[in-house]
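Structure first, commentary second.
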Amino acid sequence: MLWLQLSCTGGVQREGLDDVSPQKSCPQTPKATHEDLSWGPHRLAVLVPFRERFEELLSFVPHMHQYLSQKKIRHHVFVINQVDHFRFNRASLINVGFLESGNDTDYIAMHDVDLLPLNPELDYGFPEKGPFHVASPELHPLYHYKTYVGGILLLTKQHYEMCNGMSNRFWGWGREDDEFYRRIKGAGLQLLRPTGISTGYQTFHHIHDPAWRKRDQKRVAAQKQEQFKVDHEGGLHNVQYRVDSRSEITIGGAPCTVLNVMLECDLDKTPWCVLS
């Protein structure tokens, strides 16, 4: 089983299974906090597009559960794990996470697994007035251009549907967020960002190690030209996938749902989903 690789001392449990044999130390976190209905009427689906970054996930899930619980944000973490043999497709995985997150959540966080919020003043509340970019260019440790909407972005489910989700044409790393910025504007939505945060580029802990985790930035076939175009046809309602398995697990006492997802690729439309 793929998820046996998540084993660490005292940390990972899978529903219906005993603890996995210890191999490495988990982050030290307090006992999991159970959400309370008194925290409010809204519930957040934290959508984490994922592939093979287990060390980062071991830190992310306990950290986010503790952080959001302390802020009294009702939430559930969904790890959308791409298990097919195509190139990584972050946008499609977020579309899948949205569709599979159920009716007990009414807004989403498109959340990178390697970006941990540190400042308790950051707002993860219901973004009623428009998409809320938590990891704004003024705060993100790496990306500072004004149209950047990656890292951590909150949307109501209604607003995400108004955008028709994200384009499914972006295989490999990058550019899907820039296209989604144009979708937000095309839907007539106002993009909002944090104010009054004084911690600057120290607002988040970026745990990605570029020397260890090489990003797939290759551009093949017509991908170099197509990556700058707006996708007027594809999105949330035509993402092609199959959920291979769905598991409820805990990591460091923090609950999450793992969806092992097989994406499909139309080689005639996006031949760059594979590297030949």
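None of these values were measured; they are calculated from a predicted model. Heads up: numbering here begins at 1 and tracks the sequence.
For Phe86 and Trp171, the distance between ring centers is under 6.0 angstrom. Here the two rings, on Tyr201 and His140, have centers that are 6.0 Å apart or farther. For Tyr124 and Tyr67, the distance between ring centers is under 6.0 angstrom. Taking the centre of each ring, Phe60 and His63 stay at or above the 6.0 Å mark.
A donor-acceptor contact shorter than 3.5 Å is absent between the side chain of His85 and the backbone of Val274. Between the side chain of Glu248 and the backbone N or O of Pro255, no donor-acceptor pair lies under 3.5 Å. Side-chain N or O atoms of Thr199 include none that pairs as donor or acceptor with a backbone N or O of Gln202 at under 3.5 Å. Listed for the Ser92 side chain is no donor-acceptor partner under 3.5 Å among the backbone atoms of Asn89. In this structure, Lys157 contributes its side chain and Ile108 its backbone to no donor-acceptor pair below 3.5 Å. Judged purely by atom type and a 3.5 angstrom limit, Asp114 has no side-chain atom pairing as donor or acceptor with the backbone of His206. Glu35 contributes a side-chain N or O that, together with a main-chain N or O of His75, makes up a donor-acceptor pair within less than 3.5 Å. For Arg246 (side chain) and Val258 (main-chain N/O), no donor-acceptor pair under 3.5 Å exists by modelled atom type. Looking only at distances, a side-chain donor or acceptor of Gln240 sits under 3.5 Å from a matching main-chain atom of Asn238. With hydrogens and angles ignored, the 3.5 Å screen pairs no side-chain donor or acceptor of Glu100 with any backbone N or O of Phe78.
Residues Val113 and Val79 have side chains not in contact (no heavy-atom distance under 4.5 Å, counting atoms from C-beta outward). Within the 4.5 Å cutoff, no side-chain heavy atoms of Leu93 are placed close to those of Asn95. No side-chain heavy atom of Thr203 sits under 4.5 Å from any side-chain heavy atom of Leu118. Side-chain contact between Leu153 and Phe180 is present, with heavy atoms from C-beta onward closer than 4.5 Å. No side-chain heavy atom of His159 sits less than 4.5 Å from a side-chain heavy atom of Pro127. Phe132 places a side-chain heavy atom less than 4.5 Å from the side chain of Pro194. Counting only heavy atoms from C-beta outward, the side chains of His65 and Ser69 approach each other to under 4.5 Å. The closest side-chain heavy-atom distance from Val83 to Val261 is not below 4.5 Å.
Taking SG of Cys256 as the start and CG of Leu57 as the end, the distance is 6.0 Å to the nearest 0.5 Å. With values rounded to the nearest 0.5 angstrom, Phe88 atom CZ is found 14.5 Å from Phe170 atom CZ. From His133, atom NE2 reaches atom OG1 of Thr147 across 10.0 Å, with rounding to the nearest 0.5 Å. Taken from CZ in Arg169 to SG in Cys265, the straight-line distance is 10.0 Å, to the nearest 0.5 Å. To the nearest 0.5 Å, atom OG of residue Ser136 and atom CG of residue Leu192 are 11.5 Å apart. For the atom pair CD1 (Ile249) and OG1 (Thr257), the distance works out to 9.0 Å, reported to the nearest 0.5 Å.
The neighbour count for Glu128 CD, taken as heavy atoms of other residues, nucleotides or ligands under 6.0 Å away, does not exceed 12. Residue-environment remark: CG (Asp104) exceeds the threshold of 12 foreign heavy atoms within 6.0 Å. The number of heavy-atom neighbours closer than 6.0 Å to NZ of Lys185, taken from other residues, nucleotides and ligands shown, is above 12.
Closest approach of Ile184 and Cys163 over heavy atoms only: CA-SG, 4.0 Å. Considering every non-hydrogen atom in both Glu52 and Asn81, the closest pair reads N-OD1, 4.5 Å. A pairwise comparison of heavy atoms in Arg74 and Leu37 identifies NH2-CD2, 3.5 Å as the closest pair. The two residues Ala135 and Leu115 have their closest heavy-atom pair at CB-CD2, 3.8 Å. Residues Asn164 and Gly234 share a closest heavy-atom pair of ND2-O, 3.6 Å. Residue Met64 comes nearest to His111 through the heavy atom pair CE-NE2, 3.6 Å, listed as atom of the first residue, atom of the second, then distance.
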Checklist entry - Taking it one step at a time, do Val46 and His76 satisfy side chain to side chain contact (heavy atoms under 4.5 Å, CB included)? => result CA-CA 6 Å; Val46 181; His76 190 73; over 6 Å; no

Item to check | Verdict with reasoning, Val96 to Leu263, per side chain to side chain contact (heavy atoms under 4.5 Å, CB included) | outcome: CA-CA 9 Å; Val96 172; Leu263 296 178; 4.1 Å; yes

Next on the checklist: Could you go through Glu138 and Arg193, starting from their C-alpha distance and side-chain angles, then the distance that decides it, and tell me whether this counts as side chain to side chain contact (heavy atoms under 4.5 Å, CB included)?
Outcome noted: CA-CA 9 Å; Glu138 297 80 17; Arg193 288 185 165 125; 4.2 Å; yes

Next on the checklist: Checking Glu56 against Phe50 for the side chain to side chain contact (heavy atoms under 4.5 Å, CB included) test, could you report, in this order, the C-alpha distance in whole Å, the side-chain angles of both residues, the deciding distance, and whether it holds?
Outcome noted: CA-CA 10 Å; Glu56 294 169 7; Phe50 182 82; 6.0 Å; no

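For the ring pair (Phe, Tyr, Trp, His ring centres under 6.0 Å) test, no residue two or more places apart in sequence or in another chain qualifies with Phe204. Applying the ring pair (Phe, Tyr, Trp, His ring centres under 6.0 Å) criterion to Phe126, with sequence neighbours excluded, gives His42, Tyr107.
The closest side-chain donor-acceptor pair between Asp178 and Tyr145 falls under 3.5 angstrom.
Under the 4.0 Å criterion applied to side-chain N and carboxylate O atoms, Asp106 and Arg43 are not assigned as salt-bridge partners. In this structure, Arg90 pairs ionically with Asp112, as a charged nitrogen and a carboxylate oxygen lie closer than 4.0 Å. Ion pair Asp84/Arg51 flagged as a salt bridge, since at least one NZ, NE, NH1 or NH2 atom sits closer than 4.0 Å to an Asp/Glu carboxylate oxygen. Classification of Glu179 and Arg183 as a salt-bridged pair holds, one side-chain N sitting under 4.0 Å from a carboxylate O. Asp244 has a carboxylate O that lies under 4.0 Å from a charged side-chain N of Arg242, or vice versa, which qualifies the two as a salt bridge.
Tested against Leu139, the residues Val134, Leu122, Ile152, Asn119 include a single side chain to side chain contact (heavy atoms under 4.5 Å, CB included) partner, Leu122.
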